[in-house]
Structure formats: structure tokens, C-alpha cells
J.: 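Structure below; questions to follow.
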Amino acid sequence: MVEPEYEKKVSRTVSINRDWKVRGVARSIERQVLIVSNRRSCPNVLDVPLSLTIEKEFAQNSERVKSVDQHPTEPWILVSLYSGTVCIWNYQSQTMEKSFKVTESPVRSAKFIACENWIVTASDDKYIRVYNYDTVEKIKEYEAHTDFIRSVAVHPTLPYLLSCSDDKVIKLWDWEKDWSCTQIFEGQSHYVMQVAFNPKDTNTFASASLDGTIKIWNIGSPTAEFTLDGHSKGVNCIDYFSRGDKPYLLSGSDDFTAKVWDIETKSCVQTLEGHEHNVTAVCVHAELPIIITVSEDGNIHIWNATTFRLENKLSYGLERVWTIGQLKGSNKVAFGFDKGTIVVKMNGSHTWDSVDLQA
């Protein structure tokens, strides 16, 4: 998933097609209704139709979007751009709240820290920067890694930030200790593309790497607890979710697939095939039984999370899709493309209930 403009001298485990273009005809989609029949392909799966309505609520053209994040209480989407600019868009009023230049390098990850009224950004110049989003005052700036920073994750309750980098290292930062690094995690053998805290056990987190593996860590130990290995190429993205008491992980890869992992058994329970290029971001909807995957093929795929069947493809004609932003308790999902940002509203008539993901 590393763009051709920033290829490294390090030997890569994934290939890049420089001449790739969006396949198919772009469609303007304002509203789509999906009738998803949950056929009984897995034991204990509810055989109840799902009526899913997808409505486009906000669209904004821009330079290449590298990350999107939703504010937990305000109708705001935080967008970071390849050009080094960060924007906050109000999807209700369809207006820009803030826009400012962070750096001349791509800002690959930006997150709200709403409890502090902050935005934290991470970029290719190796710096993490923190801003007050009301005043745009810079709160903190420091060199965090020795190579491009790919992703940051904010702890749900503690004053912690995780960062990961092309230097193959993950770091834990404590903002109540003046952003000091309190732990370094090493073990991935290639670029670390994303980190994500486990919402059910916030002392643990996962990392995705171009070495083709996903590792599970505890914040108190510098070495990984175990490794999930099953993709044939680099892993770009991960998302935790659970059904009942069972924890799962979703991953997306340069092998064009996404995989569903049972964390307890450390096994892959399903492989999702259908994209025609690298899978760049994955998301399990917090309220509806759907899995969302996006790719450099320009398509958004919506999967039935009980049967794992591909239900629909969305294409907005904005070229490659890089990122997804979805907030628990919200029916809004944001997508970042080469040429802009789309926010859609998803409404459905069915929730997870007693769904069992064991294939």
C-alpha cells in the first residue's frame, strides 16, 4: 500500500502497479437500498432479512485523503491529506470548520482526542504534532520515529497514544507525562502499517505489518503475545470487533483479501475475496451485521457478516479508497479517496443479536 512516490530502497514484499487506473464506470450514488438475506450458511446464524439503506450525506473533493476520523459528539469529520494539510468538515452544515497546514509531508494519520479538545497528527517527516482544535494552537511537537509514521491510535480511557512506523517499531506515549515514550514494542520485520487497541481488553492491541503478519501485544510488555499469520502479502489494516463474548479481528492485505480471525483460537475463520487490488482499510459496523472493506481498486465492498457473502459494491468515482472512519453509536461512515471524502448514512432493521461468526 506504499505509494510509488514514496517507495523506499528497502526491498518490499508487495508489488505496485504504477499504471493502475480505476476499473469500471463511476456511478453517482445518492441512495441505495440493500435487501440482505442472511441465509443459514453458518450454525446459529439468524435467518432474518436485513434491509440496509445507504444515503450519501456529504461529499467534498480534495487532494488525496490519507485518514478520516469522526468526532464523538460534534458533526465533524477530521481529514488528513497527502499534501500535509488537515481539515475539519461539518457534514451537517456542509461547511469547513478548520483547515491548516501541518507539514510539507503527507499526514498519514490524524485523530481526535475529544476529552482534551485536541487533534493529534502523524506524518512522513517522522513527527507527531498535537493541536487544540478550537484555537488551532500547537500544543506539542516531537520527532517520534526514525521513518514515516503510518498510524496512531488513541487509548479509549487512559492518556495513551500508540504510533507505528516504517522503522518497524511501535511506541506508547503518555500525554500526562509530557508525551514521554513509556514503552517500545519490537518484533515486526517490515513496515508497521496500523495499530489498534482492543476495545474489550484495552491493555492489549494489534499491529498490522507488511511482513504479512498481525501481532497481538500487551501494553506492559515489549514483545508480542502471539502472531496471526495467513496473508500471502503485506497486511495494511486491522479492526477489532466482538460478538457476544467472543473477540475477533478483521484484517486487509496487499493479497487483495480481507480475513476474519478468531483471537481465542488464533485462527482464520473466513477469507473475503473480491477486490481487484490491495485492501487498504477494513471496518466492522458497530451496530449492523456488515463488514466494510475498501481498496485501491476504487470500490467499497459491503459484506454480510453472518454469511460472509459480498452483498454490494459502491463506487463514487474518486479513484483509490484509502481509509474508513466509523464511530460506535453512529450510523455515519466516512471514506477517504484519492480525490476527496464521502460521508454516508447507513440504516438497517437488524442488529447482531446472537450472531455466531464461527464458520
J.: Report yes or no: do T227 and D229 form a side-chain donor-acceptor pair below 3.5 Å?
T.: no
J.: Below 30° counts as parallel, above 60° as perpendicular, anything between as tilted: where do the rings of F205 and W217 land?
T.: parallel
J.: With heavy-atom distances below 4.5 Å as the criterion, would you say the side chains of K339 and R320 are in contact?
T.: no
J.: Check step by step if side-chain contact (heavy atoms from CB on, under 4.5 Å) holds for I119 and F112.
T.: CA-CA 5 Å; I119 293 168; F112 285 114; 4.2 Å; yes
J.: Search all heavy atoms of I238 against all heavy atoms of L249 and return the closest pair with its distance.
T.: CG2-CD2, 4.2 Å
J.: Looking at D134, is its backbone amide N or carbonyl O close enough to the side chain of N132 to form a donor-acceptor pair, meaning the two atoms are under 3.5 Å apart?
T.: yes
J.: Using a 4.5 Å cut-off on heavy atoms from C-beta on, say whether the side chain of M346 contacts that of V333.
T.: yes
J.: Are V136 and L78 in one and the same hydrophobic cluster, where Ile, Leu, Val, Met, Phe, Trp and Tyr link if side-chain heavy atoms are under 4.5 Å apart?
T.: yes
J.: Taking side chain as C-beta onward, heavy atoms only, is I302 less than 4.5 Å from I54?
T.: yes
J.: Is there a side-chain contact (heavy atoms from CB on, under 4.5 Å) between K66 and T323? Walk through the geometry before answering.
T.: CA-CA 6 Å; K66 295 310 299 177; T323 182; over 6 Å; no
J.: Is there side-chain contact between P106 and R64, with at least one heavy-atom pair below 4.5 Å?
T.: no
J.: To the nearest 0.5 Å, what is the distance between OG1 (T204) and CD1 (I263)?
T.: 7.5 Å
J.: Are V152 and W118 connected in a single hydrophobic cluster, I mean Ile/Leu/Val/Met/Phe/Trp/Tyr linked by side-chain heavy atoms less than 4.5 Å apart?
T.: yes
J.: Given side chains that start at C-beta, do those of Q70 and I77 come closer than 4.5 Å, heavy atoms only?
T.: yes
J.: Report the distance from atom CG of L162 to atom CD of Q194, rounding to the nearest 0.5 Å.
T.: 11.0 Å
J.: Compare every heavy atom of Q92 with every heavy atom of N90, then report the nearest pair and how far apart it is.
T.: OD1-N, 2.9 Å
J.: Taking H275 for its side chain and H277 for its backbone only, find out whether a donor-acceptor pair lies under 3.5 Å.
T.: no
J.: Test your reading of the model: is there a side-chain donor-acceptor pair from S330 to the backbone of K332, 3.5 Å cut-off?
T.: yes
J.: Looking at E264, is its backbone amide N or carbonyl O close enough to the side chain of D262 to form a donor-acceptor pair, meaning the two atoms are under 3.5 Å apart?
T.: yes
J.: Are D211 and K215 close enough for a salt bridge, meaning some N to O gap below 4.0 Å?
T.: no
J.: Would a distance-only check, ignoring hydrogens and angles, find a side-chain to backbone donor-acceptor pair under 3.5 Å from H231 to K233?
T.: no
J.: Quick one, I219 and Q183 - any side-chain contact, counting heavy atoms below 4.5 Å?
T.: no
J.: Do K200 and S242 have side chains that approach each other closer than 4.5 Å (heavy atoms only, starting at C-beta)?
T.: yes
J.: Could you give the distance from OG1 (T306) to CD1 (I290), rounded to the nearest 0.5 Å?
T.: 11.5 Å
J.: For K313 and L310, what are the C-alpha separation, side-chain angles and deciding distance, and is it a side-chain contact (heavy atoms from CB on, under 4.5 Å)?
T.: CA-CA 8 Å; K313 299 180 184 179; L310 177 62; 3.9 Å; yes
J.: Report yes or no: do D174 and T182 form a side-chain donor-acceptor pair below 3.5 Å?
T.: no
J.: Are K140 and D178 within salt-bridge range, i.e. N to O under 4.0 Å?
T.: yes
J.: Is the shortest side-chain heavy-atom distance between D69 and S67 below 4.5 Å?
T.: no
J.: Could you walk me through whether Q188 and S207 pass the side-chain hydrogen bond (donor to acceptor under 3.5 Å, both in side chains) check?
T.: CA-CA 9 Å; Q188 304 277 195; S207 63; 2.6 Å; yes
J.: Please identify which of these residues, Y316, F335, W89, meets the ring-ring contact (aromatic ring centres under 6.0 Å, His included) condition with F58.
T.: W89
J.: Using only atom types and a distance under 3.5 Å, with no angle test, would you say the side chain of D239 pairs donor to acceptor with the backbone of V284?
T.: yes
J.: Output the distance between atom CG (N236) and atom OG (S253), rounded to the nearest 0.5 Å.
T.: 6.5 Å
J.: I need the D125 CG to I149 CD1 distance, nearest 0.5 Å.
T.: 7.5 Å
J.: Do the side chain of S80 and the main chain of V107 share a donor and acceptor less than 3.5 angstrom apart?
T.: yes
J.: Please say yes or no: joined through hydrophobic side-chain contacts below 4.5 Å, possibly via intermediate residues, are M193 and V169 part of one cluster?
T.: no
J.: Do you know the tightest heavy-atom contact between N304 and E311?
T.: CB-OE2, 3.3 Å
J.: Does I342 share a hydrophobic cluster with Y91, counting links as ILVMFWY side-chain heavy atoms below 4.5 Å and allowing steps through other members?
T.: no
J.: Between SG of C181 and CG of L172, what distance do you get to the nearest 0.5 Å?
T.: 7.0 Å
J.: Can you name the nearest heavy-atom pair linking W322 to F337, along with the distance?
T.: CD1-C, 4.1 Å
J.: side-chain contact (heavy atoms from CB on, under 4.5 Å) for N61 and L318? Distances and angles first, verdict last.
T.: CA-CA 8 Å; N61 290 99; L318 297 176; 3.6 Å; yes
J.: Please check: side-chain N/O of N117 versus main-chain N/O of Y133, any donor-acceptor pairing under 3.5 Å?
T.: no
J.: When you measure from the side chain of N198 to the backbone N and O of Y240, does any donor-acceptor pair fall under 3.5 Å?
T.: no
J.: Work out which heavy atom in L288 is nearest to a heavy atom in N347; give both atom names and the distance.
T.: CD1-C, 4.4 Å
J.: Angle between ring planes, H71 versus W76, binned at 30° and 60°: parallel, tilted or perpendicular?
T.: perpendicular
J.: Any chance you could lay out the side-chain hydrogen bond (donor to acceptor under 3.5 Å, both in side chains) test for N278 and T280, step after step, and finish with the verdict?
T.: CA-CA 6 Å; N278 304 339; T280 50; over 6 Å; no
J.: Looking only at heavy atoms, what is the nearest atom pair of I113 and W179, with distance?
T.: CD1-CH2, 4.2 Å
J.: Using modelled atom types only, decide if a donor and an acceptor are shared between the side chain of S165 and the backbone of F148 within a distance under 3.5 Å.
T.: yes
J.: State which residue, out of H145, R150, K171, fulfils the side-chain hydrogen bond (donor to acceptor under 3.5 Å, both in side chains) condition with S163.
T.: H145
J.: Under a 3.5 Å cutoff, is there a donor and acceptor pairing between the side chains of S295 and E276?
T.: no
J.: With the 4.5 Å side-chain cut-off for hydrophobic clustering, are V321 and F256 part of the same group?
T.: no
